Amino acid sequence: MVNNQTIGDRDTHLSPEDLAALQKNLHEQRLFRQEQLRQIASLPTRADELIQRRSAAQTEVRVTLAASARMVLADVEAALVRLAEGRYGTCHLCRHPIDRDRLAIVPQARYCARCQQVREAGR
């Protein structure tokens, strides 16, 4: 039983090196999303009616991409705040540590995998 707890601790314990790597990843994601939003905002618009019709669909895609980028950017910035405050890596629902592998894939994760599945099933 002690062996299983040791393995579980390794899966959830975040070392200073883990935190530094995750923080770097979050900063990179923030820069990427900020640049993405700048590029979306700077896409040219056209006045020609035919092009405007095509542009309407492109504008819708642009708006959707921008909304998604803003949402991820907000999540990344919130994760950086949690990291600075020492609250990073803890599930917002069950208050258990979030698995290191999950944080490596989604460093801005607010929920452990189990709680995330419960939230998504409730939608």
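When reading the values below, keep in mind they use all heavy atoms of this one structure, side chains included, and skip hydrogens, waters and symmetry mates. It should be emphasised that the depicted structure is a prediction, and the values quoted were computed from it without experimental measurement.
Taking a 6.0 Å sphere around NE2 of His27, one finds it holds more than 12 heavy atoms contributed by other residues, nucleotides or ligands. Other residues, nucleotides and ligands contribute only 12 or fewer heavy atoms inside 6.0 Å of the CD atom of Glu60.
Scanning both residues, Cys112 and Cys91, for their nearest heavy atoms gives N-SG, 3.4 Å. The shortest non-hydrogen separation linking His13 to Arg100 is O-CD, 2.7 Å. Between Gln108 and Asp75, the shortest heavy-atom distance links the atoms CB-O, 3.7 Å. Nearest heavy atoms, Val72 versus Gln29: CG1-OE1, 4.3 Å. What you find for Leu37 and Ala66 is that their closest heavy atoms are CD2-O, 3.4 Å. Between Tyr111 and Arg102, the shortest heavy-atom contact is O-NE, 2.7 Å.
A distance of 11.0 Å separates CD1 of Ile105 from CG of Asn25, quoted to the nearest 0.5 Å. One finds the CG atom of Leu31 at 11.0 Å from the CG atom of Leu26 (value rounded to the nearest 0.5 Å). Within the model, atoms NE2 of His96 and SG of Cys115 stand 9.0 Å from one another, a figure rounded to the nearest 0.5 Å.
Hydrophobic clustering, with ILVMFWY side chains joined whenever heavy atoms are under 4.5 angstrom apart, keeps Leu73 apart from Leu22. Tracing side-chain contacts under 4.5 Å through hydrophobic residues (I, L, V, M, F, W, Y), one never reaches Val106 starting from Ile98; they form parts of separate clusters.
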Evaluation steps, side chain to side chain contact (heavy atoms under 4.5 Å, CB included), between Leu103 and Tyr88: CA-CA 10 Å; Leu103 290 172; Tyr88 182 79; 3.6 Å; yes
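Neither side chain, Gln116 nor Arg119, offers a donor N or O lying under 3.5 Å from an acceptor on the other.
Looking at Arg33 and Val76, their side chains never come closer than 4.5 Å, going by heavy atoms from C-beta outward. Counting heavy atoms from C-beta on, the side chains of Thr59 and Arg62 come closer than 4.5 Å.
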